[in-house]
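Have a look at the structure below before the remarks.
Just so it is clear, the structure is predicted and the values come from calculations on it, not from any experiment. Order of appearance sets the numbers: ligands from 1, and atoms from 1 within every ligand.
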Amino acid sequence: MKARVFSGVQPSGQLHIGNYLGALKNWAEIQSRYESIFCIVDLHAVTVYQKPEELAAKIRETAALFIAAGIDPAQSSIVVQSSIPGHAELAWMLSCVTPLGWLSRMTQFKAKAEKQETVGDGLLQYPVLMTADILLYQAAIVPVGDDQSQHLELARDIAHRFNSLYGETFVMPATHLPTVGARIMGLDDPTQKMSKSASGSGHAIALLDEPKVIRKKIARATTDSQPAVDPETMGPGIANLLSIAQACESSISKETIAGMRYGDFKKLVADAVIARLEPIQQRYREATRDPVYIESVLQEGRSRILPTAEDTIQKTKRAMGLYT
Ligand code: ATP
Ligand code: MG
């Protein structure tokens, strides 16, 4: 039997090159070796306010981008989180074994809470829901970007605590991180992670950006004050552009770029990104030509994994003594 993989993306904005290089690209590469579930985590997206009609459209757009990035719906299950009630149900049960202190020290909670006028309880509970996502399918491997490693560690702590209180119920998930491009930073500020929810048009390269937009964004990206690229002393802006370029085109190395003028270096980066995104954009256009197709992929994914989710809910309820 193949080990099970679970991972997700929030339909909270335009998917960017960080999501691709940190998550989707890796998913496409590993899917044949595992039984994979790739989830559009809409319940996570609403931990900060989303305009309802935009969210509904983003869910389908995200599904189409999964397919465009190389996720094969015949091989992997592509599902929407809110279409399976078990996610929210299990999250409640797990929240009852999670100490408040574990949640309030999460860096993503602190960073996202800072940007909100009123902080919803959902934002604090986010990692418990993420734990439920993983444990619901007894997933062994969770390929995420480096920004989610703290949440994954917490998921293991929650699973461990539940198992020791109520008996062995959950498989302990391990991490699985890509080696290059695990953490892509913002083009406008290379000290901040590139995020869908960040504002500013020069912050992220969206997977659906046109080539001329990509060139413009890269041309404006923050660099340092030296006249040319020096790989030994490069600042965070250049290092980020280099890791984006390398993740898109593996033949690019520190040697390739040593001594390059910034204009030439940025052209090289833009060329690598555009070449990498071109076939993805083409496949996106094909996948969205027929809206019924995306709907059928989501329904099929749901029917395939629903029995596993229901099994885990029954098992968890029995372990806790709840009514079954
Ligand atoms: P949001 O701002 O709404 O949180 P996000 O850009 O952080 O959006 P998520 O949906 O939270 O995206 O994350 C989806 C996946 O993409 C996760 O596996 C996450 O680790 C990965 N990821 C997100 N941002 C980056 C990044 N800058 N570099 C690499 N991987 C990333
Ligand atoms: Mg995020």
Does a sphere of radius 6.0 Å around [atom1] in [X] hold more than 12 heavy atoms from other residues, nucleotides or ligands, not counting ones at 6.0 Å or beyond?
X	atom1	result
E53	CD	yes
K112	NZ	yes
R285	CZ	yes

> Less than 3.5 Å between some nitrogen or oxygen of N19 and one of ligand 1, yes or no?
Replying inline: yes

> Is there at least one pair of N or O atoms, one from V144 and one from ligand 1, spaced under 3.5 Å apart?
Replying inline: no

> Would you say the side chains of S36 and Q31 form a donor-acceptor pair under 3.5 Å?
Replying inline: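 No, no side-chain donor-acceptor pair sits under 3.5 Å.
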
Judged on heavy-atom distance to [atom], which of [options] sits nearest?
atom	options	result
atom 3 (O) of ligand 1	S12, P143, S195, G186	S12
atom 20 (O) of ligand 1	L15, V142, D147	D147
atom 18 (O) of ligand 1	A247, G145, P11	G145
atom 4 (O) of ligand 1	K196, Q108, K112	K112
atom 24 (N) of ligand 1	Q10, H151, K193	K193

>> On a heavy-atom basis, which atom in F170 and which in A159 lie closest, and how many Å separate them?
In response: CB-CB, 4.4 Å

> Which atoms form the tightest heavy-atom contact between Q14 and A206, and what is the distance?
Replying inline: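 Shortest heavy-atom contact: OE1-CB, 3.9 Å.
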
Show the atoms of ligand 1 that are less than 4.0 angstrom away from any heavy atom in [X].
X	result
G22	29 (C), 30 (N)
R183	28 (N), 29 (C)
V9	10 (O), 14 (C)
A23	15 (C), 16 (O), 18 (O)
M194	24 (N), 25 (C), 26 (C), 27 (N)
S197	1 (P), 2 (O), 3 (O)

> Where does the angle between the aromatic ring planes of Y126 and H151 fall among parallel (under 30°), tilted (30 to 60°) and perpendicular (over 60°)?
Replying inline: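 Aromatic pair Y126/H151 classed tilted.
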
> So F38 and W27, would you call those rings parallel, tilted or perpendicular, with 30° and 60° as cut-offs?
Replying inline: parallel

>> With a 3.5 Å distance limit and no angle check, can you tell me whether R283 reaches the backbone of A69 through a side-chain donor-acceptor pair?
In response: no

> D42 and T62: side-chain contact (heavy atoms from CB on, under 4.5 Å), yes or no, with the steps?
Replying inline: CA-CA 10 Å; D42 54 348; T62 306; over 6 Å; no

> Given that the side chain starts at C-beta and the backbone is N, CA, C, O, which of these parts of M185 lies under 4.0 Å from ligand 1, counting heavy atoms, or is it both or neither?
Replying inline: neither

>> Looking at ligand 1, is there an atom of it that comes within less than 4.0 Å of some heavy atom belonging to G8?
In response: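 The answer is yes, since G8 has a heavy atom less than 4.0 Å from ligand 1.
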
